[in-house]
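Structure, as structure tokens:
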Amino acid sequence: LAREIVQLVFTRLWTTESNFDEAKGQFVNWLLTITRNITIDQIRKEKKHDASKMLLMEQWEKIPDDSLATFEQFAVKEDLTQQIQYAFRYLNNNQVQLIEHLYWHGYTLSEIAQKYNEPLGTIKSRLHQSLKILRKHLQKGEG
């Protein structure tokens, strides 16, 4: 986390217009303020992500035990699993990664956009297209 924060600080200094004013104080104090703010943002982000993971784990534990399922229920579930696997073949790697990060790892769309350095609108469009493709191939019942 410390390495990531240092990189974010240097990236911010490198990519943004420097608003350091010598009349307001020393450079080191200005740099520490930027570092402090970025650190607070990262800690908040980590806490939010950890909370999402905990929620996902709680939901995971609520999934019913398949060992008690009837043969018919098992067959229906197996058929649905095959349909989903078949539909996933129509997605490209970016679309699969997006769905995995969003639905399995608990990232928000904003976090994914930031992680891959892409505009939020691009991520939203990719998600829309991905779900549309999956819906199309699941409705056909192919597989």
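Relative ring orientation between H137 and Y90 is described as parallel, the plane-to-plane angle staying below 30° on a 0-90° scale split at 30° and 60°.
The side-chain heavy atoms of V6 and T35, taken from C-beta on, include no pair separated by under 4.5 Å. Taking the side chain as every heavy atom from C-beta outward, L127 and I112 never approach each other to under 4.5 Å. A heavy-atom distance below 4.5 Å is found between the side chains of V96 and F88. Taking 4.5 Å as the limit, every side-chain heavy atom of L8 sits out of range of all side-chain heavy atoms of R12.
Under 3.5 Å, the side chains of D79 and Q83 contain a donor-acceptor pair of N or O atoms.
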Checklist line | Q85/R89 under side chain to side chain contact (heavy atoms under 4.5 Å, CB included): CA gap, chis, key distance, verdict | finding: CA-CA 7 Å; Q85 288 173 345; R89 292 190 290 179; over 6 Å; no

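Under the 4.5 Å side-chain heavy-atom criterion for ILVMFWY residues, a single connected hydrophobic cluster contains both F27 and I38. By the rule that hydrophobic residues join a cluster once side-chain heavy atoms approach within less than 4.5 Å of another member, V9 and I43 end up as members of separate clusters. No single ILVMFWY cluster, assembled from side-chain heavy atoms under 4.5 Å apart, contains both F10 and I40. Both L120 and L131 belong to a single network of hydrophobic side chains, linked directly or stepwise wherever heavy atoms of I, L, V, M, F, W or Y lie under 4.5 Å apart.
Between L91 and L134, the closest heavy-atom pair is CD1-CD2, 3.9 Å. A pairwise comparison of heavy atoms in T108 and L102 identifies C-CD1, 4.3 Å as the closest pair.
Contacts classified as side-chain hydrogen bond (donor to acceptor under 3.5 Å, both in side chains) and involving residues 119-131 (residues at least two apart or in different chains) are given here: E118-R126.
Once rounded to the nearest 0.5 Å, the distance linking CH2 of W30 with NZ of K24 reads 11.5 Å. Within the model, atoms CD1 of I123 and NZ of K115 stand 11.5 Å from one another, a figure rounded to the nearest 0.5 Å. Atom CG of L98 sits about 8.5 Å away from atom CG of N94, to the nearest 0.5 Å. How far CD1 of I5 is from CG of N37: 11.5 Å, rounded to the nearest 0.5 Å.
Heavy atoms from other residues, nucleotides or ligands lying under 6.0 Å from CD of E100 number more than 12. Residue-environment remark: CG (N93) stays at or below the threshold of 12 foreign heavy atoms within 6.0 Å.
Panel note: side chain Q95, backbone N92; a donor-acceptor pair is recorded below 3.5 Å.
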